[in-house]
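One structure is given below, encoded as structure tokens.
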Protein chains: 2
Amino acid sequence: MTDDPSEDATRTLAEPAVGPASSLVADGLASDALVTLFGRCTVDYEGRAASELGPGDRHVMLKPDGAALVHTDEGQKPVNWQPPGCTHECRVDDGALVIESRRETPDERLEIRFSDVAHVAVFRPTDEETLELEGTEADLKDRILSEPSLVESGFRPLATERETPAGAVDVYGEDSEGRTTVLELKRRRVGPDAVGQLDRYVAALERDLHADAEVRGILVAPSVTERARSLLAEQGLEFVSLTPRD
Amino acid sequence: MTDDPSEDATRTLAEPAVGPASSLVADGLASDALVTLFGRCTVDYEGRAASELGPGDRHVMLKPDGAALVHTDEGQKPVNWQPPGCTHECRVDDGALVIESRRETPDERLEIRFSDVAHVAVFRPTDEETLELEGTEADLKDRILSEPSLVESGFRPLATERETPAGAVDVYGEDSEGRTTVLELKRRRVGPDAVGQLDRYVAALERDLHADAEVRGILVAPSVTERARSLLAEQGLEFVSLTPRD
DNA sequence: CGCTGGATGTCGCAG
DNA sequence: CTGCGACGTCCAGCG
């Protein structure tokens, strides 16, 4: 760490000419800073899919990890983006400030062309802290493992993430009568997709064990939709209501 | 529209005191602008789940549609967020600048507490243009409908989004021998989940028609994983390779 | 790297 | 509003 303010201070430019704007963006990219731009731009993307976006005033963020985000006035998700790991370049082309972001595997390219830059900023984010999150599926699993009777009296968990030919089962165990019983856990209200998932695991286990093996499948979630409930019934599967918290 | 520059120009503050920072944020929120802040903050979230994030230097974006995004130096996704439709408030509390975002249904609350604000900006994004995207599942469907033989010689599409007790089938039709044939389309390489989906539709249709009805199920995608391929085989389902573009 | 499934998924559309 | 499935989903964990 030096005393050079460019090493840790925020730097900004308002209504810059293309040259100074380009210089500041390039400096920010070279020094692993977080760079933001605001101004009139078009956006072109080509990769897994392809898109075009006509001119408008938007907010662009370039992260030190190689991510790029283009935000309009609406929506939680960026209108265009590039994932972490991309290489960003900044150049001046025909009087426009052009940001180009590329990656390989898959080959993807994002080009943001600014006809006018209203603002450029270079920030130095720090990330000492990690997010503490609760209320996840992992919390629901912990709840069940520490108190299996919440699922059913006499239920005994024997393994988690047990492998089957159709994938790994969340919780694998036995009921009070010794029958193989598998749980599919969801942190929130579930639809038909979760039933299909549980059904695949149960069918795979019945094939994998004996032809006559009876395997119980229980969907554990706060609630189910009506269609999911009828699919469960058709497949001879069960449901237990349980939330990740409380 | 007036000549008041606050109505359309970008406004910024560098290293502001809490009072001026709060005023500018409040002005921005009141005038449907896009507001960004950068500085040292903690973040607390309570809603569908709950989270805490200790102090660090982060970038916050408040959108005119009510969305809120908190970005660290890493990741394409914000570390914390609030979806569009939320109500943002800005206040000074115990010398700190506090942004609070709320919504109902579900009841959710996000609190961002700045101990130090390095930068505040108010922008006026415009969104005249809409994104033109190609290479989606809809493009794959159009391709098949305009040239059904891409799936199989003699295939005749009869309906799209046809309803079954298990949900709507992407493409419903008949093969050259008059057998009911349903397609599940995916724009990219697929795994076991798509097989489960197709299987649910085929099983529902076989129940819905006659007990003796034979229904063919074809997964149409660029490629499949090995596990998906074996699940297809076990269920007597088929695969056709096709991409949304080219 | 590819596979797999979770996510405070988000988003758009239909009932 | 809920239900349902697509998404350039993103993302972590594991082989």
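A, B, ... follow the sequence lines: proteins, then strands. Residue 1 opens every chain.
- Toward the 5′ end of DNA chain D lies the nearest nucleotide of A/Arg188, the other residue of the pair A/Arg103 and A/Arg188 mapping further downstream.
- A/Gln82 has its CD atom 14 Å from the C1' atom of D/dT9, to the nearest Å.
- With respect to the salt-bridge test (charged N to carboxylate O, under 4.0 angstrom), the residues A/Arg143 and A/Glu134 do not qualify.
- Qualifying salt bridge (Lys or Arg N to Asp or Glu O under 4.0 Å) partners for B/Asp170, counting only residues two or more places apart in sequence or in other chains: none.
- From A/Leu37, atom CG reaches atom CG of A/Leu97 across 6.0 Å, with rounding to the nearest 0.5 Å.
- Distance, B/Lys141 NZ to D/dC7 P: 10 Å, rounded to whole Å.
- Between D/dG8 and D/dC4, the distance separating the two P atoms is 23 Å to the nearest Å.
- A distance of about 14 Å separates the C1' atoms of C/dT10 and C/dG6, rounded to the whole Å.
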Please write out the pairs of protein N or O atoms and N or O atoms of nucleotides 11-15 of chain D separated by less than 3.5 Å, giving the distance to one decimal.
| from | atom 1 | to | atom 2 | distance (Å) |
| --- | --- | --- | --- | --- |
| D/dC11 | OP1 | B/Gln76 | N | 2.9 |
| D/dC11 | OP1 | B/Lys77 | N | 2.9 |

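- Looking at A/Arg103 and A/Glu108, a side-chain N of the basic residue comes within less than 4.0 Å of a carboxylate O on the acidic one, giving a salt bridge.
- Shown here are the salt bridge (Lys or Arg N to Asp or Glu O under 4.0 Å) partners of A/Asp175, two or more places apart in sequence or in another chain: A/Arg179, A/Arg216.
- For the pair A/Leu69 CG and D/dT9 P, the interatomic distance rounds to 16 Å; values are reported in whole Å.
- Annotation: salt bridge (Lys or Arg N to Asp or Glu O under 4.0 Å) contacts involving residues 60-88 of chain B, sequence neighbours excluded, are absent.
- The gap from the C1' atom of C/dA7 to that of C/dC11 amounts to 14 Å, rounded to the nearest Å.
- Residues passing the salt bridge (Lys or Arg N to Asp or Glu O under 4.0 Å) test with B/Lys141, sequence neighbours excluded: B/Glu161.
- A heavy atom closer than 4.0 Å to some atom of DNA chain C occurs in no member of residues 219-240 of chain A.
- In this entry the distance linking CG of B/Leu133 with C1' of D/dG8 reads 7 Å, nearest Å.
- Scored by the side-chain contact (heavy atoms from CB on, under 4.5 Å) test, A/Arg91 finds A/Asp93, A/Val98, A/Glu100, A/Glu111, A/Arg113 as partners (sequence neighbours excluded).
- The separation between A/Asp193 atom CG and D/dT9 atom C1' is 15 Å, rounded to whole Å.
- Here B/Tyr201 does not reach the OP1 or OP2 of D/dC4: none of its side-chain N or O atoms lies under 4.0 Å away.
- Near DNA chain D, defined here as any heavy-atom distance below 4.0 Å, there are no residues from residues 39-66 of chain B.
- The span of DNA chain C lying next to chain A, judged by atoms under 4.0 Å from heavy atoms, is bounded 5' to 3' by C/dG5 to C/dC11.
- Judged as a salt bridge (Lys or Arg N to Asp or Glu O under 4.0 Å), and not counting sequence neighbours, B/Glu129 has no contacts.
- A distance of about 23 Å separates the P atoms of C/dT8 and C/dT4, rounded to the whole Å.
- Spacing between atom CD of B/Gln197 and atom C1' of D/dG5 amounts to 7 Å, rounded to whole angstrom units.
- One finds no salt bridge joining A/Arg109 and A/Glu46 here, because no Lys/Arg side-chain nitrogen approaches an Asp/Glu carboxylate oxygen to under 4.0 Å.
- For the side-chain hydrogen bond (donor to acceptor under 3.5 Å, both in side chains) condition, the pairs that include at least one residue of residues 53-62 of chain A, sequence neighbours left out, are A/Asp57-B/Thr126.
- Using a 4.0 Å heavy-atom criterion, one finds that A/Pro192 contacts the sugar-phosphate atoms exclusively.
- A heavy atom lying under 4.0 Å from DNA chain C marks none of the residues of residues 158-174 of chain B.
- A donor and an acceptor atom sit less than 3.5 Å apart, one in the side chain of A/Glu108 and one in the base of D/dG8.
- Nearer the 5' end of DNA chain C, as judged by each residue's closest nucleotide, is the contact made by A/Arg200, out of A/Arg200 and B/Asn80.
- Under the side chain to side chain contact (heavy atoms under 4.5 Å, CB included) test applied with B/Val240, the options B/Leu219, B/Leu150, B/Ile218 reduce to a single match, B/Ile218.
- Atoms CZ (B/Arg189) and P (D/dA6) sit 18 Å apart, rounded to a whole Å.
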